[in-house]
Amino acid sequence: MKIVLEHITKRFPNRNKKQGGEIVAVDDMSLEIAEGKLVGLLGPSGCGKSTVLNMICGLEAPSEGRIYFGEDDVTELPPERRGVGMVFQNYALYPHLTVRQNIMFPLQNLKGEARLGKAEMEARADEVAALVQISDYMDRKPRELSGGQQQRVAIARGLVKLPRLLLLDEPLSNLDARLRLRTREEIKRIQLKTGITTVFVTHDQEEAMSISDSIVLMKDGAVHQIGKPQEVYDEPVNLFAARFLGTPAINVFDARIEGNKLYIGDDLISEAPGIADRDVYAAIRPEGFVCRPGGRLRCKLMNIEVMGRDTSLIFRHGAKPENCRAIVSVETSRQIEGSELCFDVKPSKLHIFSKDSEERIAIEGGNEE
Ligand code: ATP
């Protein structure tokens with residue numbers, strides 16, 4: 001089922017009485033989620049992600065705007081009639097109930113025609129338990145399960161009513177690093193198998209990049225960019241998007257355009273045809289540095305971090321007071337002698353941003369290698 005948010009705004013009264021007024025948690029957000037897709041709602045803490053989710057499932061009403069499921073306007077529809085499955089960060093399982101009873105719980109409140117008999121409820125619970133691979137634990141209590149298994153139970157409970165839409169609010173936050181990886185693969189598998197339109201909220205860009213069909217990047221209640229993960233990474237619309245995606249983070253330098261050329265400090269980095277003279281930010285992805293004698297960006301090596309397959313070169317440049325980071329192959333790092341480093345920059349990994357608006361300024365032919 002397709003989901004459409006049309007100019008959604010959500011204002012809350014400011015809890016800080018001294019400041020008074022209102023907080024705009026979500027600001028004029030419009031979004032279309034195609035049927036059967038997994039969308040990652042991504043942004044820093046407090047940007048409005050959970051509020052968006054709560055409005056989609058009906059726990060909060062928008063101050064302005066409309067929400068559509070397919071062709072139906074559901075803005076006024078109560079949560080229980082929206083057919084939405086929710087999974088939260090803290091699993092919220094009932095400790096005194098078994099796994100089976102926890103999974104069946106949402107089915108017990110069904111009314112009218114939707115009501116199921118006990119055998120049907122059990123069959124439905126068995127079906128989703130098999131899907132999330134927890135069939136062997138049906139008679140255990142939640143405390144007898146690992147965090148990953150508990151989260152699977154929570155997902156099974158979210159799926160048991162065969163929802164039209166599945167909402168996952170930071171579902172992996174309580175899991176350790178390895179389990180996060182495994183569980184996110186699981187979520188992708190389950191989503192592909194069921195084909196349920198899914199919204200996945202996270203503040204972890206790697207998580208969002210790895211499982212989403214498309215990413216909605218938010219900040220301060222507003223959408224900054226929507227696109228496929230690779231598109232947002234390769235073509236960030238502004239400095240915030242460039243900085244938020246990618247680990248290690250993109251390196252941002254004070255730079256300037258002069259005579260259609262881009263300079264970082266005194267170093268001429270590239271041609272910049274069609275861009276008027278001005279101060280700009282030049283941002284370079286860590287994998288965009290090509291270490292070679294006579295390279296254009298002249299830097300000072302501070303440290304080499306060996307990370308197994310690749311190596312991080314920590315370096316400084318006069319146009320940036322903080323350390324910068326380049327990712328190079330182990331072979332390249334072995335050839336480095338002394339503390340002088342020279343880099344050329346891969347054009348597709350270099351972005352220029354306005355110093356005023358922080359929006360990206362396209363470089364003609366900039367994405368060609
Ligand atoms: P996190 O990742 O930390 O959960 P988030 O992106 O989900 O953050 P929200 O929880 O949606 O952010 O909150 C967005 C903004 O709205 C925040 O400034 C928050 O303090 C505010 N807010 C959320 N709920 C309420 C409420 N019921 N009353 C007042 N302000 C609220």
Side-chain angles (χ1 to χ4, degrees), residues 3-31 33 38-67 74-76 78-79 82 84-92 147 151 154-155 158 165-177 180 183-184 187 198-212 214-227 229 232 236-241 243-247 249:
I3 311 294
V4 177
L5 307 187
E6 207 175 78
H7 298 294
I8 292 291
T9 293
K10 179 66 186 178
R11 289 183 283 269
F12 290 111
N14 196 339
R15 286 183 193 137
N16 185 331
K17 292 266 160 31
K18 269 192 199 152
Q19 291 172 346
E22 290 178 323
I23 288 175
V24 182
V26 177
D27 189 9
D28 193 19
M29 177 175 186
S30 290
L31 174 66
I33 303 172
L38 193 161
V39 167
L41 211 53
L42 174 68
S45 179
C47 72
K49 306 179 294 292
S50 300
T51 306
V52 172
L53 225 54
N54 289 339
M55 288 191 285
I56 296 176
C57 74
L59 291 175
E60 297 278 1
S63 313
E64 279 163 40
R66 313 298 305 172
I67 300 174
V74 298
T75 318
E76 319 291 337
R82 293 196 187 192
V84 173
M86 283 284 284
V87 179
F88 299 98
Q89 165 182 350
N90 56 8
Y91 326 134
Q151 190 52 291
I155 294 170
L165 172 68
L166 185 63
L167 305 179
L168 303 161
D169 196 353
E170 302 259 6
L172 308 179
S173 308
N174 287 350
L175 306 180
D176 68 37
R180 282 176 86 114
T183 313
R184 86 182 184 208
I187 289 176
T198 301
V199 183
F200 182 102
V201 162
T202 177
H203 60 268
D204 181 331
Q205 55 89 27
E206 195 188 321
E207 207 162 274
M209 296 265 295
S210 62
I211 69 166
S212 309
S214 68
I215 285 181
V216 178
L217 182 61
M218 294 181 68
K219 185 183 170 218
D220 299 335
V223 172
H224 279 241
Q225 190 162 3
I226 300 175
V232 182
V237 294
N238 56 28
L239 194 57
F240 164 70
R243 282 194 154 128
F244 203 79
L245 265 65
T247 40

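First listed ligand is number 1; within each ligand, the first listed atom is number 1.
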Tightest non-hydrogen contact, residues Ile56 and Leu165, listed as CG2-CD2, 3.4 Å
Is a side-chain donor-acceptor pair under 3.5 Å present for Glu170 with His203? yes
With no hydrogens and no angle check, do the side chains of Glu207 and Thr202 hold a donor and an acceptor under 3.5 Å apart? yes
Do Arg66 and Glu76 sit within salt-bridge range, that is, some charged N less than 4.0 Å from a carboxylate O? yes
Keeping the roles fixed (side chain from Glu60, backbone from Thr51), state whether a donor-acceptor pair exists under 3.5 Å. no
Per the under 4.0 Å non-hydrogen criterion, ligand 1 touches Phe12, Pro13, Arg15, Ala25, Pro44, Ser45, Gly46, Cys47, Gly48, Lys49, Ser50, Thr51, Glu170
Suppose we screen for side chain to side chain contact (heavy atoms under 4.5 Å, CB included). Which residues come up paired with Val237, at least two apart in sequence or across chains? Gln225
